[in-house]
Amino acid sequence: MMTSESTAIDVPESSSVPKRKASLMAASRDGKGIAIFDFILRLGAIVCALAAAATMGTSDEDLPFFNQFFQFQASYDDIPTFQFFLIAMAMIAGYLVLSLPFSIVSIVRPHAAGPRIVLLIFDTVALALNISAAAAAADVVYLAHNGNATTNWFAICQQFGDFCRKVSGAVVASFASSVVFMLLVVMSGLALRRQ
């Protein structure tokens, strides 16, 4: 007959410095680094969205014709697409400011799935709004630069150069914020997948 004996070996834990380093590395692997990068990207998207809205809101130019009493004017509020663009970019900037506390919660509690899901859903909605406003405004900016001979729409950028530069810059800033939103959506998805 065989008897089996088991012996237990007690190994005391050492309280050395490498244990602390391992916990910091585990915290960065658990999503804290992604959450910090998420917060930084949100700040960058706020700057882009506010720049787009402010640039569009201040885009106007007067062209004197014969004398100063008879003038042609180009302004963003003359074109409904630019009005939609301004309102959409202001809403996106407001959303981004309101999303910062959720991003901070994701930094403090990287394992919490609730704030990440909320950010993922609303970032996707904001991305759709951002791209639709940017695409619509880009179409009107294209017509302002090139015109359309078929419909007798004339290019106005030869006369209103400052106006065209401002609205073009606003459209570029809005596309930059949409790229940041795409990164935010992908990062939120990756962070949720790791949990």
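Leu50 and Ile40 fall within a single hydrophobic cluster, where Ile, Leu, Val, Met, Phe, Trp and Tyr side chains are chained together by heavy-atom contacts under 4.5 Å. Taking hydrophobic clusters as Ile, Leu, Val, Met, Phe, Trp and Tyr residues chained together by side-chain heavy-atom distances below 4.5 Å, Phe154 does not share a cluster with Phe163. Residue Trp153 is not grouped with residue Val167 when hydrophobic side chains (ILVMFWY) are merged at heavy-atom distances under 4.5 angstrom, including chains of intermediate members. Clustering ILVMFWY residues whenever any of their side-chain heavy atoms sit less than 4.5 angstrom apart, transitively, puts Ile121 in the very cluster that holds Val185. One hydrophobic cluster, built from ILVMFWY side chains closer than 4.5 Å, cannot hold both Leu143 and Val172; they sit in different ones.
Ser103 places no side-chain N or O within donor-acceptor distance of the main-chain N or O of Leu100, the cut-off being under 3.5 Å. Remark: side-chain polar atoms of Ser168 are not paired, donor with acceptor, to backbone N or O of Arg165 under 3.5 angstrom.
Annotation: the span from Ser188 atom OG to Phe102 atom CZ amounts to 12.5 Å, rounded to 0.5 Å. To the nearest 0.5 Å, the span separating CZ on Phe85 from CE on Met56 amounts to 4.5 Å. The distance from atom CG of Leu129 to atom CE of Met89, rounded to the nearest 0.5 Å, is 8.5 Å. In this structure, CG in Leu41 is found 5.0 Å from CE in Met187, a value given to the nearest 0.5 Å. Expressed to the nearest 0.5 Å, how far CZ of Arg116 lies from CZ of Arg109 amounts to 13.0 Å. The SG atom of Cys48 lies 11.5 Å from the CD1 atom of Ile92; values are rounded to the nearest 0.5 Å.
Remark: the Asn130 side chain and the Ser177 side chain contain an N/O donor-acceptor pair separated by less than 3.5 Å.
Nearest heavy atoms, Leu86 versus Ala53: CD1-O, 3.0 Å. In terms of heavy-atom proximity, Ala137 sits nearest to Val171 at CB-CG2, 3.7 Å. Here the shortest heavy-atom pairing between Val105 and Pro115 reads CG1-CG, 3.6 Å. What you find for Gln158 and His145 is that their closest heavy atoms are NE2-O, 4.2 Å. Minimum heavy-atom separation, Asn146 to Ala155: C-CB, 3.8 Å.
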side-chain contact (heavy atoms from CB on, under 4.5 Å) for Leu119 and Ser99? Distances and angles first, verdict last. CA-CA 7 Å; Leu119 287 175; Ser99 73; 3.8 Å; yes
For Phe37 and Leu184: C-alpha separation, side-chain torsions, deciding distance, then whether side-chain contact (heavy atoms from CB on, under 4.5 Å) applies. CA-CA 9 Å; Phe37 191 56; Leu184 288 171; over 6 Å; no
Gln83 and Ile79: side-chain contact (heavy atoms from CB on, under 4.5 Å), yes or no, with the steps? CA-CA 7 Å; Gln83 291 176 351; Ile79 303 169; over 6 Å; no
side-chain contact (heavy atoms from CB on, under 4.5 Å) evaluation trace for Ser132 with Phe84: CA-CA 10 Å; Ser132 66; Phe84 166 66; 4.0 Å; yes
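Of the charged side-chain nitrogens involved, at least one lies within less than 4.0 Å of a carboxylate oxygen, so that Asp123 and Arg42 count as a salt-bridged pair.
More than 12 heavy-atom neighbours from other residues, nucleotides or ligands sit within 6.0 angstrom of CE on Met182. Under a cut-off of 6.0 angstrom, the local environment of CZ in Phe175 is crowded, with over 12 non-hydrogen atoms contributed by other residues, nucleotides or ligands.
Between Phe122 and Tyr95, the ring planes lie tilted relative to each other; the angle falls in the 30° to 60° range.
For the pair Asp38/Ser106, no side-chain contact is recorded, criterion being any heavy-atom separation below 4.5 Å from C-beta on. Thr81 is not listed as a side-chain neighbour of Asp139, based on a closest heavy-atom distance of 4.5 Å or more. Here the side chains of Asp77 and Phe82 are not in contact, with every heavy-atom distance at 4.5 Å or above.
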